[in-house]
Amino acid sequence: KQEVTQIPAALSVPEGENLVLNCSFTDSAIYNLQWFRQDPGKGLTSLLLIQSSQREQTSGRLNASLDKSSGRSTLYIAASQPGDSATYLCAVTQGGSEKLVFGKGTKLTVNP
Amino acid sequence: SAVISQKPSRDICQRGTSLTIQCQVDSQVTMMFWYRQQPGQSLTLIATANQGSEATYESGFVIDKFPISRPNLTFSTLTVSNMSPEDSSIYLCSVEDWTDNEQFFGPGTRLTVL
């Protein structure tokens, strides 16, 4: 059974800092990995999708990497801003299934 | 990316009653998904809804409790039946982009059962 873990559970940083969020999964036979952002009481916003054959994806200040063999992904946020404050969720799918298995998320607070 | 809307955005219900949540997508999609997010927890898939066939439920979820309709390629409903306080959660629908399998989520329905 696939399990997804995100560390740390919460992170507080000053504005302008670069930061890394971590995601690990127990079964390396994934199809893809997706990073989401969730604002309090809201739905999920897709940030980045990495296919299993890819090593990284970039969008603006965000860069996500994937090391499938070791079961790890990182989300790098450059020059953090207060507007980046949210919960960041990592989720994976496995071959033959569209089901997303989610981690519990990292709650990020960026202080002005 | 698909634009997804849900109704209602939130509701407060009495135990023993039922609530139907609607999910509308701005484009035709083959598969729609319903997830539950209990307080302080991450998302768990309830079921997958294909147009023209019965929904497929995940372990721990049953059709009598969470009946789903999928009348066409842009719309689905999830009913939470005979509600108890344990059903208090955010319910989210999602769709998959068939070109790259990226999933997109609706804004969610926040349900409180008293």
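Note that this is a predicted model, so its numbers are computed, not measured. Sequence lines set the chain letters: A, B, ... in the order given, protein chains first and strands last, and positions in each chain run from 1.
A distance of 10.0 Å separates OG of B:S42 from CZ of A:F36, quoted to the nearest 0.5 Å. Rounding to the nearest 0.5 angstrom, the gap separating the CG atom in B:N101 from the CD atom in A:Q51 is 6.0 Å. One finds the CG atom of A:L49 at 9.0 Å from the CG atom of B:D97 (value rounded to the nearest 0.5 Å). Note: A:K1 NZ to B:S59 OG = 8.5 Å, rounded to the nearest 0.5 Å.
Under a cut-off of 6.0 angstrom, the local environment of CZ in A:R61 is crowded, with over 12 non-hydrogen atoms contributed by other residues, nucleotides or ligands.
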(request) Test side-chain hydrogen bond (donor to acceptor under 3.5 Å, both in side chains) on B:Q103 and A:E98 and set out the steps. (result) CA-CA 9 Å; B:Q103 287 200 26; A:E98 295 78 14; over 6 Å; no
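Contacts of B:L92 with chain A are made by side-chain atoms alone, with heavy-atom separations under 4.5 Å and no backbone atom involved. B:Q37 touches chain A through its side chain: at least one heavy atom from C-beta onward sits under 4.5 Å away, while N, CA, C and O do not. Heavy atoms closer than 4.5 Å to chain A are found in the side chain of B:E96, but not in its backbone. Only the side chain of A:L89 comes within contact range of chain B, with at least one heavy atom under 4.5 Å from a heavy atom of that chain.
For the pair A:S46 (side chain) and B:F104 (backbone), a donor-acceptor distance under 3.5 Å is absent.
Across A:K99 and B:L45, no two heavy atoms sit closer than the pair CG-CD2, 3.6 Å.
Cluster annotation: B:V62 and B:L19 are assigned to distinct hydrophobic clusters (Ile/Leu/Val/Met/Phe/Trp/Tyr, side-chain heavy-atom contacts under 4.5 Å, transitive). Hydrophobic cluster membership differs between A:V101 and B:F105, with clusters built from Ile, Leu, Val, Met, Phe, Trp and Tyr side chains linked at under 4.5 angstrom.
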Distance-only donor-acceptor pairs under 3.5 Å for side chains of residues 25-36 of chain B, two or more places apart:
{"residue": "B:D26", "atom": "OD1", "partner": "B:V3", "partner atom": "N", "Å": "3.0"}
{"residue": "B:W34", "atom": "NE1", "partner": "B:S76", "partner atom": "OG", "Å": "3.1"}
{"residue": "B:Y35", "atom": "OH", "partner": "A:L100", "partner atom": "N", "Å": "3.2"}

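By the 4.5 Å heavy-atom criterion applied to side chains, A:N32 and B:D100 are not counted as neighbours.
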